[in-house]
Number of protein chains: 2
Amino acid sequence: MKKQVKKKTSAKIPVGIVHVAKKAGVSPATVSRVLNDNPTVDPKIREIVKAAIAELNYRPHFAARNLPKGQTGNLALVTARSSPVIFANPFFSKVFEGIGSVLDESPFNLMLSLTPSQMRRLMDSRTVDGIILIAVRENDPYLEEVEEMELPSVVIGAYRRISQMTVFCPDYEGGVASAVKFLAGIGHRRIGLLDGPPDSYKSGEDRRGFEEAIRQLDLEEVGSLTAEEFLERDGFLAFCSHFSEGKPLPTAYVVSSDHLAIGLLKATGDFGIKVPEDLSIVGFGDIPIAEHLQPPLTSIHGDLVEMGAEAARTLIQMVEGRKKIIKRVVYPMQVVERGTTAPPKA
Amino acid sequence: MKKQVKKKTSAKIPVGIVHVAKKAGVSPATVSRVLNDNPTVDPKIREIVKAAIAELNYRPHFAARNLPKGQTGNLALVTARSSPVIFANPFFSKVFEGIGSVLDESPFNLMLSLTPSQMRRLMDSRTVDGIILIAVRENDPYLEEVEEMELPSVVIGAYRRISQMTVFCPDYEGGVASAVKFLAGIGHRRIGLLDGPPDSYKSGEDRRGFEEAIRQLDLEEVGSLTAEEFLERDGFLAFCSHFSEGKPLPTAYVVSSDHLAIGLLKATGDFGIKVPEDLSIVGFGDIPIAEHLQPPLTSIHGDLVEMGAEAARTLIQMVEGRKKIIKRVVYPMQVVERGTTAPPKA
DNA sequence: GTTTTTTGAGAAAACATTTTCTCAAAACCT
DNA sequence: AGGTTTTGAGAAAATGTTTTCTCAAAAAAC
């Protein structure tokens, strides 16, 4: 008695597999078989069913389809940073590109969670089959939460803390060390680090790489700074307060992000300090803007598109193979020399 | 006979509403009622059920829950631009922030589609209840596709073309016009436009606003350029080829994005053209870097966080109210004067 | 020409939940 | 106390699909 009503109201009532089956004069199971390219269906019937599908403009319901599979077909990209911070993260855009390209070839959809509450909802409600964590910080509560869930997951960028998870990470430590070596190679002896916030893994790694290189080369650490975030204004403010207090300056800075470096450049410019004559600066991440600055920014570069792609590929393997893969991959970083570095004056 | 096996293997077997019901000695329906705060359940029973939920660490399955509702609880953010282009889009990051903050307060999850194929999958498979389209271009096929689907949707940034959809758009036209007026106000008579790719709506709007202002103020259009994309390199290349062909230069450029403006600054610097003494430049979007450049970039600013938030709010209203809302909101843009603009020399 | 194997397709169970229907028990009224 | 209303909760249908089971018909083997 309901059916008559349904017939009346046109197109917009969602059409399911049973409607197609009725139209084609077969059972829903057969329609399903056609949809899934099951070879045990007669070519003739197949054609009839396909015609019915086309005519009704039927599209399978993704969630319903995945329900019996016990999977959802969704992957999540998770971070708890606010979006300005994410977009300022030197490598986020590239990583993203890599992830996107892999997902495009896969049958998975991508969910995005920008806050801890969103992430918890995603995990609690079994909405995703796997998780890519990015931009994790020291005190973020959810890393443990993810580890406790038996949900497949990979982490991008946090190397040390994590024991039993798969991690993809730029070689922060090695990158910063090679920047120090590069600066030493052109004559610098008094070098400083402009580092990001202490609760970021990257900051810890940067500092480790920096100190190790300074020690190995028997150099002097001078005028190091810590910024509150990785953004331009943080670099600007860090240097301003340091300088106005009359503290000692190095002849070169290694800086934890290109954005910070831009803020530092601005501050030095405002104080009449010439780059690279008075001060050399090396950024990190080699964002597209770097080479278009004046002077163009010397920076530390790595293939982070591939890193993102590899992380996504690995996660998909874990989800599809239903097995845990534990590995840690570190991506090499190297200095690209441009206009903000030169030998020290004296 | 299966149950014994289940009991053995601990935690990781997914626990459903029936397990909870069994544990609490009630029917699945009652558990559902507790979950949905249905008042027709005895407080005592409610407590027992809640205890069982807690003990089994039960979490409702999002997709299954939404199946009978005929909804999915997901919203999609859709674009077909590659991620470098998206991230270079002057307002994307801010818009994103607005969307994220609204979604955080709502029960919806966010899906992200970075390519047309991903988007089609999302729409075809009834995976989302609503769509936010962003960075649409003239020849993108999917705008019509979305319009044909009866799926609630809002568009961010494409103003003219769309008739029957809800649109949120910065006032490109008015912003560019006010930049021209600003430049005329400080004495410029020969002004050029550095515009983005022709298939972008923004480019069309920019040009319209530019030409109208030029006409109204009876000025001369000189040396206008078209870039292939909105990125630094595109601005750089556009100016280089123009200049090396010896074509006439204006005394000021209005530029369609801050990223383009940075490329233009680099090019002018390389050719020894002084900004703002020889040439004034106004960017668009006021990205965080703008004020940290040297000289700091004069740019066109708007509250795009609010635009993103309002778009998300409206979409949610459409989805929840099951009604179509058609409106068009234009967000005002205004010039922020900084260091790349000055009166012309002679 | 009968038996065996293969092929093809329907019926029904399963996935996790909500919702409607239904009915028994408790509470209220006179 | 007998009848009516309210309350509470179970049973079953519904959501859209896949999958397993089952069986009939066609093809192959003898």
Side-chain angles (χ1 to χ4, degrees), chain A residues 1-3 5-6 13-50 52-53 56-74 107 124-129, chain B residues 1-3 6 13-50 52-53 56-73 107 124-129:
Chain A
M1 27 216 72
K2 243 182 178 174
K3 276 156 203 172
V5 184
K6 279 196 179 178
I13 293 240
V15 28
I17 206 169
V18 295
H19 303 116
V20 177
K22 199 162 290 171
K23 177 111 194 167
V26 299
S27 78
T30 303
V31 179
S32 170
R33 281 186 272 256
V34 171
L35 251 19
N36 294 284
D37 283 325
N38 187 323
T40 72
V41 43
D42 188 323
K44 276 185 183 174
I45 302 257
R46 183 180 296 275
E47 286 318 308
I48 295 174
V49 172
K50 278 190 175 171
I53 289 173
L56 295 176
N57 192 28
Y58 164 76
R59 299 277 175 266
H61 189 294
F62 193 78
R65 180 170 227 171
N66 282 302
L67 232 200
K69 288 211 226 305
Q71 298 197 296
T72 64
N74 300 138
D124 279 355
S125 58
R126 295 180 267 162
T127 302
V128 295
D129 298 332
Chain B
M1 28 217 71
K2 243 182 177 176
K3 277 155 203 175
K6 281 197 176 178
I13 292 239
V15 29
I17 207 169
V18 295
H19 303 117
V20 177
K22 199 162 288 170
K23 177 111 196 168
V26 299
S27 77
T30 302
V31 179
S32 170
R33 281 186 271 258
V34 171
L35 251 17
N36 295 284
D37 283 324
N38 187 320
T40 72
V41 43
D42 188 326
K44 276 185 182 175
I45 302 256
R46 183 181 296 275
E47 286 317 309
I48 295 174
V49 172
K50 278 190 174 169
I53 288 173
L56 294 176
N57 191 30
Y58 164 76
R59 299 278 175 264
H61 189 294
F62 193 78
R65 178 171 228 172
N66 282 303
L67 230 200
K69 287 210 226 303
Q71 296 193 235
T72 65
D124 280 355
S125 58
R126 294 180 268 162
T127 302
V128 296
D129 298 331

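Chain naming here is simple, since letters A, B, ... match the order of the sequence lines and numbering starts at 1 in each.
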Side chains of B/Asn66 and B/Thr72: donor-acceptor distance under 3.5 Å anywhere?
-> no

Stretch residues 35-43 of chain A: residues that reach within less than 4.0 Å of DNA chain C through a heavy atom | A/Thr40, A/Val41, A/Asp42

Minimum-distance nucleotide (side-chain atoms of B/Lys69 versus C/dT18, C/dT17, D/dG16) = C/dT18

Using a heavy-atom cut-off of under 4.0 Å over every strand shown, decide if B/Phe62 touches base, sugar-phosphate, or nothing.
-> nothing

With distance as the sole criterion, do the side chain of A/Arg33 and the base of C/dG10 form a donor-acceptor contact below 3.5 Å?
-> yes

Do A/Ile45 and A/Val26 have side chains that get closer than 4.5 Å, going by heavy atoms?
-> yes

When we call it a touch if two heavy atoms are under 4.0 Å apart, what does A/Arg46 touch: a base, just sugar-phosphate, or nothing?
-> nothing

So, does B/Arg65 use its side chain to make a donor-acceptor pair with the main chain of B/Pro60 at under 3.5 Å?
-> no

Identify which nucleotide among C/dT18, D/dT15, D/dG10 has an atom closest to any side-chain atom of B/Ile17, counting heavy atoms from C-beta outward.
-> C/dT18

To the side chain of B/His61, which of D/dG10, D/dT18, C/dA16 is closest?
-> C/dA16

A/Lys23 and A/Val49: side-chain contact (heavy atoms from CB on, under 4.5 Å), yes or no, with the steps?
-> CA-CA 8 Å; A/Lys23 177 111 194 167; A/Val49 172; over 6 Å; no

Are A/Thr30 and C/dG10 close enough that a side-chain N or O sits under 4.0 Å from OP1 or OP2?
-> yes

